[in-house]
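Okay, so here's the structure we're looking at.
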Amino acid sequence: MSTSDIQPKKPQRILSGMRPTGRLHLGHYKGVLVNWLKLQDDHQCFFFAADWHALTTDYANPGIVQQTIWDMLIDWLAVGIDPEKCVIFIQSEVPQHAELHLLFSFITPLPWLERVPTYKDQIEQLREKDLGTYGFLGYPLLQSADILMYRADGVPVGEDQVPHVELTREVARRFNHLYRKPDQPLFPEPESLLMPASKLPGLDGRKMSKSYNNTIELGETWKVTEQKVKTMPTDPARVRREDPGTPEKCAVWDFHKLYSTEDERSEVHAGCKSAGIGCLDCKKVLLKHLEEELQPIRQRRAELATHMDDVRDIVKKGNERARIEAERTMDKVRRTLQMGYRV
Ligand code: TRP
Ligand code: SF4
């Protein structure tokens with residue numbers, strides 16, 4: 001296995017993708033986007049909306065992508081993913097990904113795909129969808145094509161995606177071995193840059209996820225966030241204001257650990273245990289920090305949403321830059337496969 005720290009030492013080519021699944025929430029921000037933000041300053045980054053990937057599971061509802069993709073891209077820009085620093089694009093706008101996926105499919109043994117852990121897991125978890133399809137089995141290979149197309153050195157991913165990068169390394173090795181001289185590999189073997197799991201729980205203490213209905217969306221209004229935080233469940237022992245509580249049994253405390261200063265934390269902790277403060281006081285401290293973090297993002301978001309032409313333009317330019325890079329790789333791939341007979 002080859003994983004390394006999220007921040008590699010030398011400047012590198014970085015690539016990562018996200019499926020358009022709807023508006024992003026604080027979990028996406030703290031778990032993924034903050035890492036992308038760190039990487040974009042020192043590395044050459046390619047970030048893309050994986051719309052074809054969304055269709056591997058949502059093929060029966062293709063309209064979902066259209067609704068969600070712009071929301072997601074606006075969220076990226078609103079948090080500060082910067083088109084001056086990185087290439088932002090849409091997967092299906094670079095059809096070379098499909099071509100490379102096809103060519104890889106010829107050299108990839110079926111067991112390599114069947115043993116990818118997400119394959120059986122997802123089929124189990126998404127029982128309501130028929131995932132016994134050719135495309136769903138091949139989906140990690142499409143991801144390999146995404147990565148190798150840009151000859152990325154590093155791929156920031158969560159733990160569940162590490163096996164996909166591992167597969168990508170094997171595919172790169174097999175391609176190089178089959179078609180290239182040992183000292184002239186075409187594809188470098190990418191490394192996973194493992195993003196630590198976000199420490200931020202959802203509003204109910206479980207993992208923040210749209211399907212649990214426990215999220216704070218980046219794009220919701222402050223009023224909604226405030227209401228959600230005020231009604232967050234707390235330690236059930238604190239029925240009345242006078243009942244002491246245990247912060248460790250409360251999701252609000254997990255938020256404090258991430259957002260509040262040391263002084264605030266010790267005050268809140270002691271106040272909870274002695275019933276010196278009420279839950280609403282405790283939440284107010286948190287709300288102040290959330291407001292500081294979220295309001296600038298929301299302002300930029302609202303601004304971007306009223307300038308959709310500019311947003312489309314940014315992505316259009318990103319698509320063009322990605323296509324140039326992709327074509328450069330495909331040209332080498334086609335030559336390597338001796339397809340010079342093409343007219
Ligand atoms: N499979 C990834 C996910 O579900 C998204 C993705 C597609 C991706 N292609 C990628 C991530 C390439 C990193 C690199 O989260
Ligand atoms: Fe949770 Fe704060 Fe209430 Fe304690 S005081 S139960 S930490 S909200």
Side-chain angles (χ1 to χ4, degrees), residues 13-21 24 28 31-32 35-36 39 45-58 72 89-92 94 97 100-101 116 118-119 121-122 126 136 138-150 152-168 190-195 201 203 205 229-257 260 264-287 322:
R13 176 76 67 89
I14 304 290
L15 173 128
S16 202
M18 205 188 273
R19 292 168 174 244
T21 51
L24 301 185
H28 295 116
V32 182
N35 295 302
W36 290 13
L39 289 165
C45 293
F46 288 75
F47 296 127
F48 72 100
D51 56 341
W52 278 336
H53 281 264
L55 287 180
T56 61
T57 50
D58 284 316
M72 181 179 81
F89 69 100
I90 295 175
Q91 183 183 34
S92 66
V94 189
H97 288 229
L100 190 57
H101 176 214
V116 171
T118 47
Y119 180 57
D121 286 359
Q122 290 279 90
L126 302 173
F136 186 68
Y139 137 79
L141 192 62
L142 177 58
Q143 187 164 348
S144 301
D146 300 336
I147 296 167
L148 295 177
M149 184 68 82
Y150 302 93
D153 307 291
V155 187
V157 283
E159 188 145 32
D160 63 318
Q161 299 282 314
V162 171
H164 297 176
V165 181
E166 213 41 46
L167 171 76
T168 304
E191 276 188 32
S192 299
L193 306 175
L194 188 61
M195 298 184 288
L203 292 163
V229 172
K230 284 185 175 162
T231 51
M232 256 176 98
T234 60
D235 176 1
R238 296 209 70 183
V239 185
R240 284 162 306 166
R241 167 73 176 72
E242 309 82 69
D243 297 327
T246 311
E248 287 72 19
K249 289 184 183 161
C250 178
V252 178
W253 177 242
D254 289 318
F255 276 72
H256 276 296
K257 284 193 280 191
S260 298
E264 287 167 333
R265 279 200 307 271
S266 57
E267 217 164 289
V268 159
H269 198 272
C272 177
K273 287 189 15 170
S274 65
I277 60 165
C279 289
L280 212 54
D281 307 317
C282 176
K283 288 173 173 180
K284 280 205 178 123
V285 178
L286 178 62
L287 278 165

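For this chain, numbers begin at 1 and follow the sequence in order. Note that ligands are numbered from 1 as they come in the structure, with each ligand's atoms numbered from 1 the same way. These numbers come from a predicted model, not from an experiment.
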Glu248/His269 under side chain to side chain contact (heavy atoms under 4.5 Å, CB included): CA gap, chis, key distance, verdict: CA-CA 9 Å; Glu248 287 72 19; His269 198 272; 2.9 Å; yes

NZ/NE/NH1/NH2 to OD/OE distance under 4.0 Å, Asp254 and Lys257: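 Yes, this pair counts.
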
Count of N, O or S atoms belonging to protein, less than 2.8 Å from atom 3 (Fe) of ligand 2: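 Under the 2.8 Å cut-off, the count stands at 1.
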
Arg241 side chain vs Gly276 backbone, donor-acceptor pair below 3.5 Å: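 Looks like yes, one N/O pair under 3.5 Å.
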
Donor-acceptor pair, side chain of Arg238 and main chain of Asp243, under 3.5 angstrom: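 Judged by distance alone, yes, a pair lies under 3.5 Å.
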
Ring centers of Tyr150, Phe89 separated by less than 6.0 Å: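 For Tyr150 and Phe89, the ring centres are under 6.0 Å apart.
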
Any side-chain heavy-atom pair of Pro156 and Leu39 under 4.5 Å: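 A side-chain contact exists here, since the closest heavy-atom pair is under 4.5 Å.
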
Euclidean distance, Thr21 OG1 relative to His28 NE2, rounded to 0.5 Å: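 Answer for the NE2-OG1 pair, His28 versus Thr21, is 4.5 Å.
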
Glu267 atom CD: more than 12 heavy-atom contacts under 6.0 Å: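 No - once you tally the heavy atoms of other residues, nucleotides and ligands closer than 6.0 Å, there are 12 at most.
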
Parallel, tilted or perpendicular, as decided by the 30° and 60° cut-offs, for the rings of His256 and Trp253: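 The rings of Trp253 and His256 sit tilted, inter-plane angle from 30° to 60°.
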
So what's ligand 1 close to, N/O to N/O, under 3.5 Å?
{"unit_1": "ligand 1", "atom_1": "1 (N)", "unit_2": "Tyr139", "atom_2": "OH", "d": "3.0"}
{"unit_1": "ligand 1", "atom_1": "1 (N)", "unit_2": "Gln143", "atom_2": "OE1", "d": "3.0"}
{"unit_1": "ligand 1", "atom_1": "1 (N)", "unit_2": "Gln161", "atom_2": "OE1", "d": "3.0"}
{"unit_1": "ligand 1", "atom_1": "4 (O)", "unit_2": "Arg19", "atom_2": "NE", "d": "3.3"}
{"unit_1": "ligand 1", "atom_1": "9 (N)", "unit_2": "Asp146", "atom_2": "OD2", "d": "2.7"}

